[in-house]
Amino acid sequence: MRRRLGSVLFDLDGTLLDTAPDMHAALVRLMAEHDRAPLPFEHVRNHVSHGSQALVALGFPDAEPDFAEHLKKRYLEIYARDLCQATRLFPGLSDLLEACEDRGWSLGVVTNKPGWLTDPLLDALGLHTRMATVISGDTLPRRKPSPEPMWLAARQTGLPPAHHCYWGDAERDIAAGRAAGMATLIAGWGYIDADQTPEQWGADARLEHPDAFWPWYTDTCTPETGIAS
């Protein structure tokens, strides 16, 4: 059965926004505070979707749990101070967002990033007002891979989950979207490291560029613009 879409939702880090440059820069500053040599960007990039705890573990693999927690708090302080210096939409996404808006579709973000980082980041890029829903990692008691954030996003757009497509770059993104009853797409440009197996995540498709969305849509969804009444 072909789907009808009326909404496209995005994970944030590694799907909608290329946040890796700023998150790497914050880790470099943290490591410098402790007289550690910086890790190269290429070594850090594909770990960004795993969050601040994973990044601190990369830079400080020998840290005891209490000290690691201290480092994480300090990392977030550094990152929050300059969270949108080099962060940008991934190439091709600006056109995709505009095309979705031209069709009258809703846009949204569902991320595990806490709201006190998500909201100012979207504001800085002029994206927050374009989103029908923004669900952060602390919006609800449970976050992805739970489907609960996805269901809340659907309620806020006013459309059933089946009329949404969720785009992510981590297994928990696809698991959450599938459990919620949404179409799911893997952002092939995202932060996917060599140890991950996205072909086993069960997504509807893996797309290597945002432009590939429209051929996928034509092949798998109903051709009507928006949702029929």
Side-chain angles (χ1 to χ4, degrees), residues 10-87 109-122 124 134-150 152-153 166 168-180 186-187 190-198 200-202:
F10 300 88
D11 174 50
L12 196 64
D13 300 286
T15 301
L16 183 65
L17 299 182
D18 187 6
T19 56
D22 287 327
M23 295 187 76
H24 171 255
L27 181 61
V28 168
R29 294 189 195 106
L30 179 65
M31 295 180 73
E33 290 182 355
H34 294 270
D35 298 320
R36 297 204 176 197
L39 291 175
F41 177 74
E42 295 75 16
H43 184 70
V44 174
R45 180 190 186 271
N46 285 344
H47 295 271
V48 166
S49 284
H50 301 308
S52 56
Q53 185 171 343
L55 295 182
V56 167
L58 278 179
F60 301 84
D62 53 346
E64 295 294 328
D66 287 347
F67 187 51
E69 186 62 25
H70 165 76
L71 290 170
K72 176 184 171 182
K73 291 178 180 178
R74 177 58 183 150
Y75 171 82
L76 290 172
E77 289 175 358
I78 296 170
Y79 174 58
R81 190 173 59 212
D82 294 305
L83 85 169
C84 197
Q85 297 301 305
T87 292
V109 167
V110 183
T111 176
N112 280 358
K113 205 179 192 82
W116 61 275
L117 294 173
T118 299
D119 292 336
L121 184 54
L122 291 173
V134 176
I135 309 299
S136 297
D138 52 0
T139 302
L140 295 171
R142 300 180 67 190
R143 57 184 191 168
K144 298 178 297 182
S146 168
E148 292 178 15
M150 319 303 292
L152 177 58
Y166 184 62
D169 70 321
E171 185 172 9
R172 64 177 173 271
D173 299 329
I174 305 307
R178 291 184 66 198
I186 297 172
Y191 306 145
I192 303 173
D193 62 55
D195 294 331
Q196 298 182 72
T197 54
Q200 298 178 14
W201 296 350

Nearest 0.5 Å, what's the OG1-CZ distance between T111 and R143?
9.0 Å

About how many Å separate OH of Y166 and CG of D173, when rounded to the nearest 0.5 Å?
4.0 Å

Heavy atoms of V110 and A153 approach each other most closely as CG2-CB, 3.8 Å

Is the backbone of Q196 close enough, under 3.5 Å, to the side chain of D193 for a donor and an acceptor to pair up by distance?
yes

Can you tell me how far the OG atom of S52 sits from the CD1 atom of I78, to the nearest 0.5 Å?
11.5 Å

With sequence neighbours left out, what residues match D13 under side-chain hydrogen bond (donor to acceptor under 3.5 Å, both in side chains)?
T19, K113

Any idea which heavy atoms bring P198 and I186 closest together, and the distance?
O-CD1, 3.5 Å

Is there side-chain contact between N46 and I192, with at least one heavy-atom pair below 4.5 Å?
no

Using the test salt bridge (Lys or Arg N to Asp or Glu O under 4.0 Å), find all partners of D169 that sit at least two apart in sequence or belong to another chain.
none

Could you measure the distance from the CG atom of L12 to the OG1 atom of T15? Nearest 0.5 Å is fine.
8.0 Å

Atom pair CG (L71) and CG (L55), whose distance is rounded to the nearest 0.5 Å:
12.5 Å

With sequence neighbours excluded, what pairs up with T139 under the side chain to side chain contact (heavy atoms under 4.5 Å, CB included) test?
I135, S136, L152

Looking only at heavy atoms, what is the nearest atom pair of V44 and L58, with distance?
CA-CD1, 4.3 Å

For D22, check side-chain hydrogen bond (donor to acceptor under 3.5 Å, both in side chains) against everything at least two apart and list the hits.
T87

Run the side-chain hydrogen bond (donor to acceptor under 3.5 Å, both in side chains) test against D82 and tell me which residues pass, sequence neighbours left out.
none

With sequence neighbours excluded, what pairs up with P145 under the side chain to side chain contact (heavy atoms under 4.5 Å, CB included) test?
R172, A175

R45: partners by side chain to side chain contact (heavy atoms under 4.5 Å, CB included), with sequence neighbours left out:
A20, F41, F90, Y191

Name every donor-acceptor pair, under 3.5 Å, that has one atom in a side chain of residues 62-69 and the other anywhere in the protein, sequence neighbours excluded.
unit_1 : atom_1 : unit_2 : atom_2 : d
D62    : OD1    : R36    : NH1    : 3.2
D62    : OD1    : R36    : NH2    : 3.0
D62    : OD2    : R36    : NH2    : 3.3

Partners of A180 by side chain to side chain contact (heavy atoms under 4.5 Å, CB included), sequence neighbours excluded?
P147, M150, W151, M182

What residues form a side-chain hydrogen bond (donor to acceptor under 3.5 Å, both in side chains) with E148, not counting sequence neighbours?
R142

Check the surroundings of atom CD in Q53: do more than 12 heavy atoms from other residues, nucleotides or ligands lie under 6.0 Å from it?
no

In terms of the angle between their ring planes, are H43 and H47 parallel, tilted or perpendicular, with boundaries placed at 30° and 60°?
tilted

Donor-acceptor pairs under 3.5 angstrom involving side-chain atoms of residues 25-34: please list them, not counting sequence neighbours.
unit_1 : atom_1 : unit_2 : atom_2 : d
E33    : OE1    : R74    : NE     : 3.1
E33    : OE2    : R74    : NE     : 3.3
E33    : OE2    : R74    : NH2    : 2.6

Do you know which two heavy atoms are closest between A176 and S146, and how far apart they sit?
CB-O, 3.6 Å

Supply the atom-to-atom distance C84 SG to L17 CG, rounded to the nearest 0.5 angstrom.
8.0 Å

Can L16 and V109 be said to form a side-chain contact (heavy atoms from CB on, under 4.5 Å), step by step?
CA-CA 8 Å; L16 183 65; V109 167; 3.8 Å; yes

